[in-house]
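One structure is given here, and the rest of the page talks about it.
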Amino acid sequence: MDSVPGIPIRMKWSQFFIVTAKETPADAVVPSHQLMLRAGLIRQVVAGAYTYLPLGLRTLRKIEAIVREEMNRAGAIEVSMPAMHPIELWEQTGRVAAMGDVLLRLHGRGDDWRSRTVLGPTHEEIITEHARTYINSYKQLPVTFYQIQTKFRGEARPKSGVLRTREFLMKDAYSFHTSKHGPGGLDDGYQAMYDAYCRIFARCGLPYIAVEADSGPIGGDASHEFMVETDAGEDFLVKSEDGSYAANLERAEVAPVEDGKDGRNAPLTVVPTPGHTTIEQVSAFLRCTPARMIKTIIYVADGQPLIALVRGDHNVNEPKLKRVAGVLNLEPADPALIKNLTEADVGYAGPVGLSNVRIIADQAVTVMHDAITGANRTDHHLTGVNPGRDFEIKESADIREAVPGDRAKNGAPLTFRKCIEVGHVFKLGTKYSDALGATFLDEKGASHPMIMGCYGIGVNRILAAAIEASHDANGIIWPASIAPFRVIICSLDTREADVMSTSEKLHDELESRGVDVLWDDRDQRPGVKFKDADLIGIPVRITVGKKGLAEGVVEVTTRKDGQTQRLGVAGAGVELLRLLQGR
RNA sequence: CGGGGCGUAGCUCAGUCUGGCUAGAGCGCGUGGUUUGGGACCACGAGGCCGCAGGUUCGAAUCCUGUCGCCCCGACCA
């Protein structure tokens with residue numbers, strides 16, 4: 001196999017650039033961040049932006065190669081779009097306002113070009129503009145484009161190393177279709193990307209899980225996220241214990257709560273609760289559990305007031321509520337509106353007596369008895385509140401966040417795990433093609449907006465997630481497919497001619513068969529070399545030392561389990577190749 | 001954007017409360033020597049605008065004011 005142009009044929013540690021550290025930098029908190037710094041994969045330049053050092057870059061490039069292969073296999077076509085975008089396109093889709101500070105803008109004098117330029121956080125606008133220009137006929141559809149490109153986002157708080165940054169590598173793909181369903185439709189394209197994602201994450205050695213995600217206003221089953229479980233994550237994954245259901249907490253559905261029939265049909269009573277406005281305060285003051293209370297949350301939904309009722313120990317799940325209510329925009333009401341609606345200060349709202357406002361109750365509220373809630377009178381609450389008797393529930397649905405103890409719809413208990421999102425597939429519909437006028441002519445010459453899907457993968461996140469999922473006290477344990485090198489040869493006793501010639505021969509033999517080999521030729525003590533090899537996580541270590549050679553053997557140690565076997569020097573190369581293939 | 005913490009050598013940190021000699025240690029780095037199967041040892045050495053700016057003072061890493069940066073929690077997250 002030919003060497004990489006410009007890189008020495010033998011990849012010697014002493015001639016490469018690997019900077020390991022014994023101590024963990026104080027700023028790093030999560031394991032992947034700590035290990036990426038210690039192993040010399042990355043170096044932070046400013047908050048949320050990192051240099052990839054040679055070792056880290058090798059892994060990043062391997063991930064990219066896998067992504068590229070699978071995208072091409074799925075029929076997607078690679079392009080490369082710029083990071084600089086004209087703000088006009090973003091104004092046309094309304095996303096200058098929607099993205100707010102996340103959209104990074106250049107700062108110019110007055111109205112010069114800088115003020116009209118933004119750094120792309122994603123590329124729907126650009127690709128849709130291209131589709132508008134070049135695609136005019138149904139004969140050109142369906143088509144899927146992708147790129148692997150740097151994105152810029154003004155994240156309020158970068159954190160956890162490369163898991164959340166302001167500048168990052170993303171594989172983003174966009175598909176264009178003439179229809180939602182049927183051959184060549186969006187459903188097909190979506191499925192092709194979904195399948196490709198499964199292959200990509202599997203090949204990267206990630207223990208991933210695909211879950212239903214909140215799909216926003218588009219509705220349906222139009223979105224899946226690909227998650228990797230890790231405490232460093234920012235999302236919650238809700239899974240049923242029997243494995244039949246998994247979803248993002250933003251979307252997770254729960255089985256109805258059964259009616260405990262614990263009601264005593266107590267009389268409706270007004271009780272003074274001066275200054276007690278929160279669930280915690282009132283339940284403590286009235287000596288009841290939060291679960292006996294009805295929480296009354298007042299929203300403004302598409303301009304109209306909307307009240308959500310949930311049990312005191314539950315939280316409203318706003319994406320769910322949006323879907324149930326059929327609204328696009330949901331925000332908390334301001335105190336003035338609450339006062340106007342309930343005739344009470346904030347903290348004393350309740351459903352009893354509120355008739356001229358839309359109320360949606362969570363299912364769990366429908367089976368409550370003798371509950372406690374606000375009296376719509378400042379400094380007062382009601383006890384003995386019974387739905388049906390004291391107020392009518394016109395609309396009820398599952399509108400709350402799942403909590404531990406909940407069950408899936410099939411009755412299996414739900415478990416909760418933190419996780420990181422490494423990929424997201426999404427059916428867009430015509431949001432961007434409508435806004436930007438990307439239309440095609442059908443067989444009859446009629447014009448329609450193209451139907452779109454978009455599909456993202458966080459390339460850097462794959463790297464960090466792989467480390468989160470696979471490391472130990474000594475360092476990284478790379479999956480072979482994305483390891484910076486497959487094999488490291490540790491030459492001990494570097495002044496022994498035998499050791500060096502045997503190492504060189506093994507290196508060349510493996511390299512000639514296409515195996516990435518790193519040769520640790522440094523004149524260092526064995527402990528240093530072993531620690532470094534473990535830290536940077538190379539899957540297979542070959543130890544060549546004068547002690548072993550005296551017995552005619554070299555040793556092969558696997559990083560994952562530390563198991564060592566001795567191979568005769570003569571056939572070591574062949575034997576190793578056999579071992580590597582079995583992996 | 002709210003709350004908390006931290007800025008002293010490449011890294012980890014001491015010194016700051018209570019102002020005072022030439023600003024320290026370990027790791028790492030350089031030179032020489034001894035070592036060599038799980039982060040060796042000895043000797044010598046290089047390396048600092050103590051984040052930045054202003055102020056107080058005979059004197060500031062240390063006190064005061066401002067400012068910038070970084071980390072953590074929360075809010076936010078196509």
Side-chain angles (χ1 to χ4, degrees), chain A residues 19-30 33-34 37-38 40 43-49 90 93-104 118 120-126 151-161 163-166 168 170 172 174 213-218 223 225 232-235 248 250 318-319 331-332 420-421 424-426 428 431-432 452 454-456 458 473-475 490-496 499 520 522-536 541-551 553-555 557 562 564 566:
Chain A
V19 279
T20 60
K22 274 191 208 174
E23 282 171 303
T24 302
D27 281 345
V29 175
V30 304
H33 189 198
Q34 294 177 341
L37 291 170
R38 281 194 57 208
R43 161 109 183 148
Q44 179 172 307
V45 177
V46 289
W90 287 81
T93 59
R95 289 217 288 181
V96 173
M99 307 228 23
D101 288 341
V102 171
L103 189 63
L104 286 174
V118 302
T122 175
H123 281 70
E124 280 84 2
E125 278 78 1
I126 306 298
K151 302 288 191 253
F152 297 89
R153 295 186 187 180
E155 293 290 352
R157 185 151 92 84
K159 57 185 247 189
S160 306
L163 282 177
R164 187 164 205 83
T165 52
R166 293 189 172 133
F168 57 98
M170 186 174 182
D172 47 325
Y174 308 90
D214 177 53
S215 51
I218 292 159
S223 174
E225 287 172 334
E234 319 178 282
D235 288 307
N248 191 311
E250 287 176 357
E318 294 183 2
E331 49 193 72
I420 184 77
E421 176 191 354
H424 198 158
V425 292
F426 203 95
L428 280 176
K431 176 175 176 181
Y432 297 97
M452 296 175 58
C454 70
Y455 318 92
N474 290 319
C490 284
S491 301
L492 313 183
D493 317 296
T494 51
R495 269 160 290 183
E496 296 284 328
V499 168
D520 188 351
R522 294 174 298 169
D523 181 18
Q524 282 287 356
R525 298 174 66 82
V528 173
K529 296 186 164 204
F530 293 152
K531 288 288 186 189
D532 271 344
D534 286 350
L535 177 60
I536 66 175
R541 187 183 87 208
I542 303 172
T543 309
V544 182
K546 68 178 176 191
K547 218 155 113 181
L549 290 186
E551 300 172 40
V553 299
V554 298
E555 287 149 59
T557 306
T564 297
R566 292 149 68 92

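Between B/rU12, B/rC72, B/rG37, one nucleotide has an atom nearer to the side chain of A/P25 than all others, and that is B/rU12. Listed candidates were B/rA75, B/rG37, B/rG39. Nearest to the side chain of A/V528 is B/rG39. Closest contact between the side chain of A/K547 and the listed nucleotides B/rG38, B/rG37, B/rC72 involves B/rG37.
Comparing B/rU35 with B/rC72, their P atoms are spaced 48 Å from each other, to the whole Å. Across the P atoms, B/rA43 and B/rG28 are found 15 Å apart, a figure rounded to whole Å. The same atom, P, is picked in B/rG15 and in B/rU8; the two are 14 Å apart, to the nearest Å. Comparing B/rU57 with B/rG19, their C1' atoms sit 9 Å apart, to the nearest whole Å. If you take atom P in B/rC64 and the same atom in B/rG69, they sit 22 Å apart, rounded to whole Å. For the C1' atom pair drawn from B/rA9 and B/rG24, the interatomic distance equals 11 Å after rounding to whole Å. Look at the P atom in both B/rC49 and B/rA75: the space between them is 40 Å, to the nearest Å. A distance of about 32 Å separates the P atoms of B/rC44 and B/rG7, rounded to the whole Å.
Across all strands shown, B/rA9 has no partner, as no Watson-Crick or G-U wobble contact with both distances under 3.5 Å is found. Pair assignment for B/rC41 gives B/rG33, based on Watson-Crick or G-U wobble hydrogen-bonding distances that are each under 3.5 Å. Summarising the base pairing, B/rC17 is matched to no nucleotide, lacking a Watson-Crick or G-U wobble pair whose two defining distances lie under 3.5 Å. The base-pairing partner of B/rU57, taking Watson-Crick or G-U wobble contacts with both distances under 3.5 Å, does not exist among the strands shown. In this structure, B/rC1 and B/rG74 make a Watson-Crick or G-U wobble pair, each of the two defining distances being under 3.5 angstrom.
In summary, the side chains of A/T24 and A/Q34 do not present any donor paired with an acceptor at a separation below 3.5 Å, with no hydrogens or angles considered. Under the 3.5 Å distance criterion, with hydrogens and angles disregarded, no donor-acceptor pair is assigned to the side chains of A/H33 and A/K159.
At the heavy-atom level, A/G456 lies nowhere under 4.0 Å from the strands shown. Within the 4.0 angstrom heavy-atom criterion, no nucleotide atom of any strand lies near A/T494. Among the atoms of the strands shown, base atoms are found under 4.0 Å from some heavy atom of A/R157. Residue-level contact check: A/D101 touches neither bases nor backbone, having no heavy atom under 4.0 Å from any strand.
Regarding A/L492, its CG atom lies at a distance of 10 Å from the C1' atom of B/rG38, rounded to whole Å. Atom CD in A/E318 sits roughly 12 Å away from atom P in B/rA75 (whole-Å rounding). One can place CG of A/D532 at 8 Å from C1' of B/rG39, the figure rounded to the nearest angstrom. Here the C1' atom of nucleotide B/rG37 and the CG atom of A/D520 are 13 Å apart, to the nearest Å. For the pair A/E331 CD and B/rA75 P, the interatomic distance rounds to 18 Å; values are reported in whole Å.
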Salt bridge (charged side-chain N to carboxylate O under 4.0 Å, His left out) evaluation trace for A/R38 with A/E23: CA-CA 7 Å; A/R38 281 194 57 208; A/E23 282 171 303; over 6 Å; no
Go through A/Y455 and A/D172 one step at a time and tell me if the side-chain contact (heavy atoms from CB on, under 4.5 Å) criterion holds. CA-CA 6 Å; A/Y455 318 92; A/D172 47 325; over 6 Å; no
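A cation-pi arrangement, defined by a distance under 6.0 Å to the six-membered ring centre and an angle within 45 degrees of its axis, is absent between A/R166 and A/F152.
Taking 4.5 Å as the limit, some side-chain heavy atom of A/T20 sits within range of a side-chain heavy atom of A/I536. Two residues are said to be in side-chain contact when any heavy atoms from C-beta on lie closer than 4.5 Å; A/V544 and A/L492 fail this criterion. Side-chain contact between A/F168 and A/P158 is absent, with no heavy-atom pair separated by less than 4.5 Å. Contact check for A/V118 versus A/L104: no side-chain heavy atoms found under the 4.5 Å cut-off.
Across all their heavy atoms, A/V499 and A/K546 have their closest contact at CG2-N, 3.6 Å. In terms of heavy atoms, A/T557 sits closest to A/G562 at CG2-O, 3.7 Å.
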Protein-nucleic acid N or O pairs under 3.5 Å, nucleotides 67-71 of chain B:
unit_1, atom_1, unit_2, atom_2, d
B/rC70, OP1, A/A47, N, 2.9
B/rC70, O3', A/Q44, NE2, 3.3
B/rC70, O2', A/D27, OD2, 2.9
B/rC71, OP1, A/Q44, OE1, 3.4

Give me the distances for all protein-to-nucleotides 26-34 of chain B N/O pairs that come in under 3.5 Å?
unit_1, atom_1, unit_2, atom_2, d
B/rG26, N2, A/E23, OE1, 2.9
B/rC27, O3', A/K22, NZ, 3.3
B/rG28, OP1, A/K22, NZ, 3.4

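Between A/T24 and A/T122, the one whose closest nucleotide on RNA chain B sits nearer the 5' end is A/T24. Along RNA chain B, the nucleotide nearest to A/R95 and the one nearest to A/R38 differ in position, and the one closer to the 5' end is contacted by A/R38.
The phosphate of B/rG39 (OP1 or OP2) has no side-chain N or O of A/R525 nearer than 4.0 angstrom.
Judged by distance alone, with hydrogens and angles left aside, A/R541 brings a side-chain donor or acceptor within reach of the base of B/rG38, the pair sitting under 3.5 Å.
Of the residues A/K531, A/K529, A/R541, the one that meets the salt bridge (Lys or Arg N to Asp or Glu O under 4.0 Å) test with A/D520 is A/K529.
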